[in-house]
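Okay, so here's the structure we're looking at.
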Amino acid sequence: MPESYQNSPDRIHNAIRQYLEGLYRSGIRQLPRLPDVAPSSVSQEAQQPVGAARVVAKAASLPTDPAAESLNGLDKAAILGGYGHQSGQTAMAMPDQASVASLDTDPRVALDRVRREVTHCTLCHELARTRTQTVFGTGNPKARLCFFGEAPGADEDRQGEPFVGAAGRLLDKIIQACTLKREDVYILNVLKCRPPNNRTPLPEETANCRDFFERQLAIIQPEFICCLGAVASQTLLRTTQSLGRLRGRWHDYQGIRVIVTYHPAYLLRTPEKKRDTWADMKMLMQAMGIELPNR
Ligand code: URA
Ligand code: URA
């Protein structure tokens with residue numbers, strides 16, 4: 001690597017961004033801001049992450065990031081808020097609430113960052129080659145409820161939005177029957193690319209996409225997730241149990257209450273199961289405190 005790039009602002013900028021995104025993926029949402037202080041006046045001790053920042057970094061067992069490791073001590077200390085307020089060697093104060101920099105100012109912004117990564121993803125060579133476009137997700141970035149589907153179909157691949165085909169129209173009806181609007185909830189799929197001929201996603205493909213949907217859910221932080229069909233349910237819950245066995249009870253994903261029901265495409269083929277899905281929705285709406293009209 002040429003020396004000019006090694007220490008270039010671009011490289012340092014990229015390394016910092018990657019490091020912060022790594023922290024973000026580890027669940028760290030806030031960092032203390034380094035007080036305004038000339039770099040030359042930062043003491044030697046202050047060049048190591050100390051105090052709360054070190055505790056946070058440790059608790060999250062951050063993997064060693066070579067890019068971040070190669071930052072000089074001052075950059076790293078700045079990122080981690082490395083000033084010795086807990087070990088007491090410096091005069092710098094604990095940051096007050098107003099000076100705490102938030103990494104997730106707006107979930108929309110955070111989601112857009114993931115969306116951009118998804119757009120360029122080529123982890124699944126076949127899907128990347130055959131897709132018209134990626135299908136990220138849509139709806140309220142602060143939704144209390146996420147609907148979690150399987151993968152884009154032909155219509156979604158064409159329009160770039162999940163659940164816009166026949167199954168989507170049934171999902172819309174289900175959402176409306178719950179007295180909600182599509183804009184109230186967030187809708188996403190396990191896979192962001194259409195599998196050729198709508199074949200079932202391969203385990204390798206769901207594994208490749210896991211980081212994306214997990215980050216979407218971590219940003220949105222819904223209270224409830226409704227998995228649609230076996231693939232979404234088994235992927236989210238990391239189980240091989242059948243949909244029939246998973247239905248009718250609550251599951252947990254990262255502290256989020258999860259319910260599973262039939263996939264709307266399955267309901268289109270098997271309308272007698274709509275009754276069961278309606279029972280699932282009643283259970284869900286009751287837990288959400290949403291009253292349904294008698295019908
Ligand atoms: N089926 C899914 O699982 N997701 C979609 O977006 C459309 C159909
Ligand atoms: N089996 C599935 O795979 N999906 C459904 O929605 C129902 C049964």
Side-chain angles (χ1 to χ4, degrees), residues 111 114-115 118-119 121 124 126-128 130-141 143 145-178 180-210 212-217 220 222 224-239 242-244 246-247 251 253 258-271 273-274 276-277 280-281 284:
L111 284 172
V114 184
R115 184 195 302 271
V118 164
T119 306
C121 181
C124 307
E126 184 190 18
L127 304 191
T130 54
R131 74 189 175 209
T132 304
Q133 59 189 315
T134 55
V135 178
F136 183 67
T138 185
N140 181 352
L145 169 62
C146 286
F147 283 96
F148 191 48
E150 176 175 321
D155 296 291
E156 292 76 22
D157 175 71
R158 208 176 302 120
Q159 296 185 45
E161 217 183 279
F163 283 101
V164 290
R169 284 189 287 279
L170 179 53
L171 179 61
D172 284 341
K173 279 197 204 167
I174 292 170
I175 291 170
Q176 279 164 23
C178 293
L180 296 172
K181 296 194 193 69
R182 197 174 157 101
E183 309 85 73
D184 295 330
V185 301
Y186 194 91
I187 304 173
L188 72 164
N189 288 308
V190 174
L191 290 197
K192 310 311 181 197
C193 300
R194 181 194 181 199
N197 304 311
N198 300 345
R199 65 159 169 73
T200 301
L202 303 171
E204 188 186 315
E205 292 164 348
T206 60
N208 283 342
C209 247
R210 179 171 291 277
F212 290 138
F213 72 71
E214 290 201 335
R215 285 162 69 196
Q216 286 177 289
L217 294 170
I220 298 163
F224 297 89
I225 299 170
C226 179
C227 294
L228 302 170
V231 169
S233 308
Q234 293 171 348
T235 302
L236 188 74
L237 300 172
R238 294 185 187 272
T239 178
S242 69
L243 194 79
L246 293 169
R247 262 195 69 241
H251 304 271
Y253 168 79
V258 178
I259 194 169
V260 321
T261 195
Y262 295 112
H263 193 287
Y266 173 83
L267 293 177
L268 288 173
R269 300 191 300 271
T270 322
K273 295 287 188 187
K274 285 182 181 176
D276 289 341
T277 286
D280 297 333
M281 292 306 105
L284 174 58

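First listed ligand is number 1; within each ligand, the first listed atom is number 1. Quick caveat: nothing in here was measured; it's all calculated off a predicted structure.
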message = Suppose we measure from atom 4 (N) of ligand 1 to each protein heavy atom; which comes out shortest, and what is that distance?
response = Asn189 OD1, 2.8 Å
message = Heavy atoms only: which of Gly153, Ala151, Ala167 lies closest to atom 5 (C) of ligand 1?
response = Ala151
inquiry  = Distance under 4.0 Å to a non-hydrogen atom of His263: what atoms of ligand 1 satisfy this?
reply    = 1 (N), 2 (C), 3 (O)
ask   = Under 3.5 Å, is there a donor-acceptor pair between the side chain of Glu150 and the main chain of Leu191?
value = no
inquiry  = Is it true that Thr235 and Thr206 share a donor-acceptor pair across their side chains at a distance under 3.5 Å?
reply    = no
Cationic N near anionic O, under 4.0 Å, Glu126 to Arg131 = no
Proximal ligand 1 atoms for Gly149, defined as those under 4.0 Å from one of its heavy atoms = 3 (O)
inquiry  = Within the 4.0 Å heavy-atom shell around Pro162, which atoms of ligand 1 are there?
reply    = 6 (O)
key: Glu150: numbered ligand 1 atoms lying under 4.0 Å from its heavy atoms   = 2 (C), 3 (O)
inquiry  = I'd like to know if Asp155 and Arg158 make a salt bridge, using a cut-off of under 4.0 Å between side-chain N and carboxylate O.
reply    = yes
ask   = Do any pairs count as a side chain to side chain donor-acceptor pair (under 3.5 Å) and have a residue in residues 166-178, sequence neighbours left out, and if so which ones?
value = Asp172-Arg182
